[in-house]
Amino acid sequence: IREGDVAHGSAVIALLYDAGPRVHVVLTRRSSGLRAHGGEVSFPGGRQDPGEVLTDTARREAHEEIGLPPASIEIVGELDHLSTITSGSFIVPYVGLVGGGRPAVTPNPAEVEAVLHVPLAELLLPDVYREERWHIFGGVRPIFFFELHGDTVWGATAAMLRQLLGLLTGTLARGDLAHE
């Protein structure tokens, strides 16, 4: 699926912050009552409004979902874009920094059940990450998983998280998302 073949654009943001000796990423567990992807772990983000620039979409969604002021987010990078077959979205993942340590966030219960503050070092542990090959959509595709305490990150979010970690450690580059 390509950008022009999907119904709408979306943006997500991998929010990073420094909390003492460790850098953390902010993830959300979506409210279980949501129509799509309820209960799943994801980056803050969502659908682009008409005429909206995608970086503004990412900031707006972070504000709507977890109460983070848009001006507090510095966009510092962009991961590989991807399309999802299930939701018909073209997703642009951004990387953002939030200064001042752990950000004060308030989950919007209509959208977010919990905010997860995950140390990047935890995501790099060998027993946290796994990869499976699934026979889906007419081929064999890699599906990535991060097993956190009480939550599993998988699918598109795990693919983006895998690339972010790869970029930070020098083991992956742009174009290495391995997610179609």
Side-chain angles (χ1 to χ4, degrees), residues 10-47 58-69 72-73 77 79-80 82 84-87 89 91 93-136 141-169 171-172 177-179:
S10 297
V12 300
I13 189 157
L15 294 166
L16 302 176
Y17 66 90
D18 188 356
R22 301 184 344 164
V23 175
H24 289 68
V25 64
V26 175
L27 296 167
T28 64
R29 183 182 321 115
R30 295 170 52 84
S31 293
S32 56
L34 290 174
R35 185 173 35 113
H37 308 290
E40 292 184 10
V41 176
S42 65
F43 291 116
R47 190 177 291 196
R59 286 185 176 106
R60 175 182 53 76
E61 288 287 341
H63 182 255
E64 289 175 6
E65 292 180 9
I66 61 173
L68 201 56
S72 71
I73 302 168
L79 302 174
D80 290 349
L82 58 102
T84 61
I85 293 171
T86 55
S87 62
S89 294
I91 303 170
Y94 293 100
V95 178
L97 299 179
V98 180
R102 182 180 176 133
V105 296
T106 304
N108 173 352
E111 297 188 53
V112 175
E113 188 174 294
V115 178
L116 311 175
H117 298 266
V118 183
L120 294 182
E122 179 181 332
L123 295 167
L124 294 169
L125 295 173
D127 59 335
V128 170
Y129 173 80
R130 79 175 192 276
E131 183 177 325
E132 296 178 4
R133 302 277 178 194
W134 287 11
H135 294 271
I136 54 172
R141 301 186 187 278
I143 306 294
F144 309 110
F145 298 86
F146 290 88
E147 297 294 342
L148 305 177
H149 300 286
D151 287 291
T152 299
V153 183
W154 72 287
T157 301
M160 292 180 273
L161 191 54
R162 175 182 170 267
Q163 186 184 39
L164 173 65
L165 293 169
L167 289 167
L168 294 173
T169 60
T171 58
L172 289 175
L177 187 57
H179 185 6

key: Side-chain touch T157/E40, heavy atoms, less than 4.5 angstrom   = no

inquiry  = Do L15 and I66 have side chains that approach each other closer than 4.5 Å (heavy atoms only, starting at C-beta)?
reply    = yes

ask   = Does any N or O in the side chain of S72 come within less than 3.5 Å of the main-chain N or O of V98, such that one atom is a donor and the other an acceptor?
value = no

query = Minimum heavy-atom separation for E65 to G45, with atom names?
reply = OE2-O, 2.6 Å

task = Take the angle between the ring planes of W154 and W134 and call it parallel below 30°, perpendicular above 60°, tilted in between.
result = tilted

task = Please check if the side chain of T28 supplies one atom and the backbone of S42 the other of a donor-acceptor pair under 3.5 Å.
result = yes

query = What heavy-atom pair brings M160 and L82 nearest, and what distance separates the two atoms?
reply = CG-CD2, 3.7 Å

ask   = If you round to the nearest 0.5 Å, how far is CG of L125 from CG of L120?
value = 11.5 Å

inquiry  = Using 0.5 Å steps for rounding, measure from the OG1 atom of T171 to the CZ atom of R162.
reply    = 8.0 Å

inquiry  = Is the shortest side-chain heavy-atom distance between I13 and E61 below 4.5 Å?
reply    = no

key: R22 to H24 - nearest heavy-atom pair and separation   = O-ND1, 3.4 Å

ask   = Do V25 and F43 have side chains that get closer than 4.5 Å, going by heavy atoms?
value = yes

task = Heavy atoms only: give me the nearest I143-G155 pair and the separation to one decimal.
result = CG2-N, 4.5 Å

request  = Would you indicate whether the side-chain heavy atoms of F145 and V153 approach each other to under 4.5 Å?
outcome  = no

ask   = Under 4.5 Å between any side-chain heavy atoms of L165 and F146, yes or no?
value = yes

A62 versus P44, closest heavy-atom pair with distance = CA-CB, 4.1 Å

For R102 against Y17, the heavy-atom pair lying closest together = CA-CE1, 3.3 Å

request  = Decide yes or no on side-chain hydrogen bond (donor to acceptor under 3.5 Å, both in side chains) for R59 and Y94, but give the supporting numbers first.
outcome  = CA-CA 10 Å; R59 286 185 176 106; Y94 293 100; over 6 Å; no

request  = Let me see the working for T152 and E147 under side-chain hydrogen bond (donor to acceptor under 3.5 Å, both in side chains), right down to the final yes or no.
outcome  = CA-CA 5 Å; T152 299; E147 297 294 342; 2.7 Å; yes

message = Go through it in stages, so that I can follow the logic: the residues are L123 and L148, the test is side-chain contact (heavy atoms from CB on, under 4.5 Å), and I'd like the CA-CA distance, side-chain angles, deciding distance and then a yes or no.
response = CA-CA 8 Å; L123 295 167; L148 305 177; 3.6 Å; yes

request  = Report yes if the side chains of L68 and V26 come closer than 4.5 Å at any heavy-atom pair, otherwise no.
outcome  = no

Sidechain-backbone polar pair: Q163 side chain, D80 backbone, donor-acceptor under 3.5 Å = yes

remark   = To the nearest 0.5 Å, atom CG of L16 lies from atom CG of L164 at 5.5 Å

